[in-house]
Amino acid sequence: MAALHAACFSTPRPWVAAEFAALLADPLCFALIESQGFLIGRAVAGEVEVLTLAVDPTARRLGIGSRLVFGFLAEARKRDATSAFLEVSAQNQAAIALYLKAGFSEVGRRKAYYNQPQGAAIDALILTRAL
């Protein structure tokens, strides 16, 4: 997971193997895995959050991200969640389009939330949807 995450992200910084291990050991977290992608979510008190979604850059636009997001929504319902949310870089147009297609809508913006390696700051959009 860490290697794929590093291939997908520089902002926010990629997570390391120990961070993935800690998340996956948490009973509130769950992972959906495909051969070229994964999504990690967390369910707490009727709400689920997309913690991260990564799809191999060489396998994008093949439906992997869509399957993972819709799988996330199905898993959320199994966990009796009534709402879902996530944060996404305001510059990640492909991810934003994917989430909007899945029924999410923007409810807020965190100014200068992500810091790029060269120092520039990027806003995070907060997206949510009812389940």
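All values below come from the heavy atoms of this structure, side chains included, with hydrogens, waters and symmetry mates left out.
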### Message
So, taking the atom named CD in Q36 and the one named CD1 in I64, what distance separates them when rounded to the nearest 0.5 Å?
### Response
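If we round to the nearest 0.5 Å, Q36:CD and I64:CD1 are 4.5 Å apart.
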
### Task
Kindly compute the distance separating SG (C29) from CZ (F20), expressed to the nearest 0.5 Å.
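Answer for the SG-CZ pair, C29 versus F20, is 11.5 Å.
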
### Task
Would you name the heavy atoms of F70 and A102 that are closest together and state the gap between them?
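Where F70 meets A102 most closely, the heavy atoms are CZ-CA, 3.6 Å.
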
Heavy-atom side-chain proximity of [X] to [Y] below 4.5 angstrom:
X    : Y    : value
R79  : R42  : no
K111 : R109 : yes
M1   : L24  : yes
L125 : Y113 : no

### Residue from L28, L51, T52 passing side chain to side chain contact (heavy atoms under 4.5 Å, CB included) with L23
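Output: one option passes, namely L51.
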
### Query
Which of these passes side chain to side chain contact (heavy atoms under 4.5 Å, CB included) with V88: I96, L98, I126?
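In the set I96, L98, I126, the residue that makes a side chain to side chain contact (heavy atoms under 4.5 Å, CB included) with V88 is I96.
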
[X] side-chain N/O to [Y] backbone N/O, donor-acceptor pair under 3.5 Å:
X    : Y    : result
D123 : A112 : yes
R129 : S105 : no
E19  : V16  : yes

### Message
Please verify the inter-ring angle class for F30 with F72; under 30° counts as parallel, over 60° as perpendicular, anything in between as tilted.
### Response
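Aromatic pair F30/F72 classed parallel.
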
